[in-house]
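Structure first, then comments.
These figures come from a predicted structure and were not determined experimentally. Letters A, B, ... are given to chains in the order of the sequence lines, protein chains preceding strands, and every chain is numbered from 1.
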Protein chains: 2
Amino acid sequence: MPREVREQQIIDVAIQVFAKRGYHAASVDEIAELAGISKPMVYLYLDSKEGLFLACLRREADRLMAAFQEAARDGGTPERRLHAALVAFFGFVAGSRDSWVVLHRQASELSEAIAAAVAEARRAVMAQVAGLVRHGIAEADGKVQLGDEDADFVAHALVGAADSLTDWMERHPNQSPEGIALRLMNMVWVGMSHVLEGETWAPSPVRGED
Amino acid sequence: MPREVREQQIIDVAIQVFAKRGYHAASVDEIAELAGISKPMVYLYLDSKEGLFLACLRREADRLMAAFQEAARDGGTPERRLHAALVAFFGFVAGSRDSWVVLHRQASELSEAIAAAVAEARRAVMAQVAGLVRHGIAEADGKVQLGDEDADFVAHALVGAADSLTDWMERHPNQSPEGIALRLMNMVWVGMSHVLEGETWAPSPVRGED
DNA sequence: ACCTTATCTTACTCCGTAGTAAGTTTACTC
DNA sequence: GAGTAAACTTACTACGGAGTAAGATAAGGT
């Protein structure tokens, strides 16, 4: 069995085990056994438990980012591309649940290097989304220019919402990624255009309009 | 030193250490030492490492929920109460960063009981928010009734957005909780009222596709 | 046939740390 | 001032699991 193939097999199994147990509770012994292999092979190919986890992380983060960026690159307005990117994201989560769990929120538990890798991946997504938001706004409303801070705020809110909606998705398996992305766009995008036109909400009781 | 006081001291220290290192990497030895006490005391009062963590979790989850619910209980329209609840939430995170880290991203790593406690707390918040959303919509627009599924969707998006915005907050320490809550309300609420009036967003067709 | 390199295994070592046994001091009661 | 209960300590044990040493097998290459 050639090394390349074995490595991918090991990573496949490791993703399942890490997703099921979490990084610390997962044991290399179990991963090796499920991969039909002995432990020293894992160490020969992936160096250490941390190296193994990083390999999982990198492979799946690349896959997600590739799907995301390919969707965002496809033609149309920035908002259309943002929508396509959301569809790609929800599609990825629906199709690779274990990968998403691994990528999801393990940063605080892990070593410096791993936490840095996770944070970097999230930062990249954030920048991508912030860019789409800024350009989308600029195109939709030529006059208003969104500051970097505002675009970043919106990006954080959007990414966080998408993230949390993966839970909702789990309880509504019949909902398509497209439908979820569409709902989210409706929640956010329609409002933003109106806010940019000056229609703001304030806690002081403003009644009678709407 | 009476037991009640010691317990709270231990929990205080434990929150810091759990926040800094994560559940597994945190050692009871370190917590005991920082609390100026020996390890068996921790076991005498809190039973086990898991018991210690659960005590931290419960104390801080109660504090957060209390602040949240008190804000949401105060008078005004549902949307006003939702806004107040968001302010309370961001205020809590700003004021008790370590507590938030502990409550925040540790669910996947932990034992059954702990994961269940975290999930339950999140579920409670979600239900609370979903209720506010549903009633807020009903009040703002008497005709449209939001289904439970939709209210839940919005609640997930809102809670996830708020969650993620705590990161943004960390990089913008001069921003007040009130300001952040206001921005988020503007992002979501204004749009929702328009969407309910039928102004939906849809991906504009691109020729040759779809 | 012999050497080398890649794949793979059994059978360990070693360490961190959760959890405990047994004992000590302080303080309060009767 | 003996009895006792709470607050507290030192000094262990136990064990899971990361990582490794040493060697087996198989497949070319010369």
Base, sugar-phosphate, or nothing: which does B/Ala32 touch, judged by heavy atoms less than 4.0 Å apart?
-> nothing
Compare all side-chain heavy atoms of A/His156 with those of A/Asp152 and state whether any distance is below 4.5 angstrom.
-> yes
Per the atom types in the model, does the base of C/dG19 pair as donor or acceptor with the side chain of B/Lys39 at under 3.5 Å?
-> yes
Closer than 4.0 Å, any side-chain N/O of B/Arg6 to the OP1 or OP2 of D/dC8?
-> yes
Once you round it to whole Å, what is the distance between P of C/dC15 and NE2 of B/His24?
-> 22 Å
Within this structure, what is the CD1-to-C1' distance between A/Ile37 and C/dA6, rounded to whole angstrom?
-> 13 Å
Under 4.0 angstrom, heavy atoms only, what part of the nucleic acid is B/Ser27 near: base, sugar-phosphate, or nothing?
-> sugar-phosphate
With a 4.5 Å heavy-atom cut-off, do A/Glu70 and A/Arg73 have their side chains touching?
-> yes
Would you classify B/Met1 as touching base, sugar-phosphate or nothing, given that sugar-phosphate means primed atoms plus P, OP1 and OP2, and contacts are heavy atoms under 4.0 Å?
-> sugar-phosphate
Cation-pi, B/Phe153 ring and A/Arg183 (6.0 angstrom, 45 degrees) | yes
A/Glu50 vs B/Leu44, nearer the 5' end of DNA chain D by closest nucleotide = B/Leu44
Of the candidate nucleotides D/dT9, D/dA18, C/dG19, which contains the atom at the shortest distance from the side chain of A/Val28?
-> D/dA18
Flag the pair B/Ser164 / A/Met126 as yes when at least one side-chain heavy-atom distance between them is below 4.5 Å, and no otherwise.
-> yes
Length of the line joining B/Leu52:CG and C/dG19:P, which is rounded to integer Å = 10 Å
Taken to the nearest whole Å, CG/B/Asp47 to P/C/dA18 is 15 Å
What is the distance, rounded to the nearest whole Å, between atom CG of A/Asp29 and atom C1' of D/dC15?
-> 14 Å
State whether A/Tyr45 places a side-chain N or O below 4.0 Å from either non-bridging phosphate oxygen (OP1 or OP2) of C/dA6.
-> no
Mind calculating the distance between OH (B/Tyr43) and C1' (D/dA7) to the nearest angstrom?
-> 19 Å
Selection from C/dG19, C/dC8, D/dG19 that lies nearest to any side-chain heavy atom of B/Lys49 | C/dG19
Which of these nucleotides, C/dT10, D/dT9, D/dA7, is closest to any side-chain atom of B/Arg3?
-> D/dA7
So do the side chains of B/Phe92 and B/Glu60 get within less than 4.5 Å of each other, counting heavy atoms only?
-> yes
What is the distance, rounded to the nearest whole Å, between atom CZ of B/Arg21 and atom P of C/dG16?
-> 14 Å
Starting from C1' on C/dC8, measure out to CD on A/Glu33 and report it in whole angstrom.
-> 16 Å
